[in-house]
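Here is the structure we will look at, set down as structure tokens.
Remember, predicted model here, so these are calculated numbers, not experimental data. Read the numbers this way: they start at 1 and go in the same order the structure lists the ligands and their atoms.
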Amino acid sequence: LVLSEFKNNKHFYIESYGCAMNFSDSEIVASILAKQGYGLTTNIFDADLVLLNTCSIREKAEQTVRMRLTNINQIKKQKPGMLVGVLVCMAERLKSKLLEEEKLVDIVVGPDAYRSLPELLEEAEGGQKGVNVLLSREETYADISPVRLDNNGITAFISIMRGCDNMCSFCVVPFTRGRERSRNPETIVQEAHDLFSRGYREVTLLGQNVDSYKWKGEENQTNKEAAVLMNFAQLLEAVAQVNPLLRVRFSTSHPKDIGDDVLHTIAKYHNICNYIHLPVQSGNSACLERMNRTYDREWYLNRIDAIRRIIPGCGISSDVIAGFCGETEEEHLDTISMMQYAKYDMSYMYYYSERPGTMAAKKYADDVPLETKKRRLAEIVEVQYQLSLQNNLDDIGKTFEVLVEKTSKKNEEEWCGRNQQNKVIIFPKGNHKVGDYVNVYIESANKATLKGRVVGN
Ligand code: SAM
Ligand code: SF4
Ligand code: F3S
């Protein structure tokens, strides 16, 4: 969908916080609003409607949004009639609290209620508050064609499922995004086809736990007994077959569910990128048990070994939490040794932030002192720094296939792209253009980027 296809009477402005799922959801919201005559503006002062697509994953994430809301309310005072809405995770966690106690917003919309936006806007325009935070077991927005907001025209997200059934004890997502449900694979493949025909060259299949994707047919989706007609490995294969020039990525994999079938499918198709984001959270079995991750250290080590065996040269990255409830110094050291074993290319690293209502908040004391959490996190960050640097230095002298994405931020004369392993690679532009695949010989590296020159094209 292209926004200019719609008549725009009014304008909306949207900011997205949190994970890729939120950014992808903003594109669904943009599509629904476009049909209501709302055009996109990137200038908040031009907006009739300001939407914040919010995240609750850590306390800090919520604080950031609250500060932004206070700030937006100052703008609103100068622009009477401007409506402010909060979408998704904070909407779900705080519900009408945001409307009543804090009076900062006019509409509050949960992740399964975007279709009701037109009515909610009408209510808000009439001076009432518009709230819909009902969660659904079926909604996947399968029929909605997203408006691409992050418009480089080359890479796009495709949401393949929603919600999460895992109940990791630290995590608020099952509460904010509801039950896991998979999207009709035909609509996923169709979306990939459409993107390819419009010039896109990379899609990332999104879900909180992509390996548990299962399609049982429209009627049987919520029937536990019904046979699975398509699993994640089969879906990956179907999307890979759209075109050999369309790169396929996916996120996030769950260590308990990523099977060898998925690994063999990645190995079989050149255009499925050799890169897996496999969050470990902790390297210690007792801590993993308290986290309710449902795998232990041995299991995770086995998955790393399987990746290395089946997909040689595969990039691996992770999420790590420092200072979870009851974490001892030995448990922390197990996380560090796990990182060194897995040789992650990159990790998202956080210290534990207790979330009200989660199993951990109910069951365990948040007993690791903040100082200790911060010190452990700093140690984890340092280990990852060394691993990223060493992995990148090891790439010097290798040649990688790179998809050209954009001009390098630092130098107009250079392109920026990524290899299959998701590493950023910078090289002189030559005659190449955005969307091309080129082979780049790596000549130098730091912890964040590889630099090289095009060979043999
Ligand atoms: N579904 C993915 C998974 O299972 O790995 C991603 C979940 S979440 C959107 C992204 C990351 O935030 C998690 O992997 C975890 O490391 C981190 N996280 C979640 N809850 C947290 C909390 N209460 N405190 C600190 N970090 C947290
Ligand atoms: Fe949260 Fe765990 Fe679900 Fe990931 S798998 S979203 S960490 S509950
Ligand atoms: Fe945050 Fe919600 Fe994603 S809590 S990380 S935006 S699913």
**Request:** Run down the list Met21, Arg58, Met349, Glu354 and name the one with the heavy atom closest to atom 12 (O) of ligand 1.
**Result:** Arg58
**Asked** Under 3.5 Å, N or O to N or O, is Arg355 touching ligand 1 that way?
**Response** no
**Fill in**
Result for salt bridge (charged side-chain N to carboxylate O under 4.0 Å, His left out) between Glu331 and one of Arg290, Arg376, Arg297 points to Arg290
**Message:** So, with waters excluded, how many protein N/O/S atoms does atom 2 (Fe) of ligand 3 have closer than 2.8 Å?
**Reply:** 1
**Message:** I'd like to check which ligand 3 atoms, numbered from 1 as shown, lie under 4.0 Å from a non-hydrogen atom of Gln208.
**Reply:** 7 (S)
**Item:** Ion pair Asp257/Arg303, N-O distance below 4.0 Å
**Value:** no
**Item:** ligand 1 to Phe170 polar contact by distance, N or O atoms, under 3.5 Å
**Value:** yes
**Request:** May I ask you to say whether Arg162 pairs ionically with Glu139, meaning some side-chain N is under 4.0 Å from a carboxylate O?
**Result:** no
**Item:** Heteroatom proximity flag, Asn209 to ligand 1, N/O under 3.5 Å
**Value:** no
**Item:** Heavy-atom nearest neighbour of atom 6 (C) of ligand 1 within options Gln208, Lys373, Gln281
**Value:** Gln208
**Complete:** Quick look: Ile321 vs ligand 1, heavy-atom contacts under 4.0 Å, and the answer is side chain
**Fill in**
Excluding water, the protein N, O or S atoms sitting under 2.8 Å from atom 2 (Fe) of ligand 2 are Cys168 SG
**Message:** Just to be sure I read this right, does ligand 1 sit under 4.0 Å from the backbone of Tyr348, its side chain, both, or neither, counting only heavy atoms?
**Reply:** neither
**Prompt:** N/O to N/O below 3.5 Å, does that happen between Tyr352 and ligand 1?
**Reply:** no
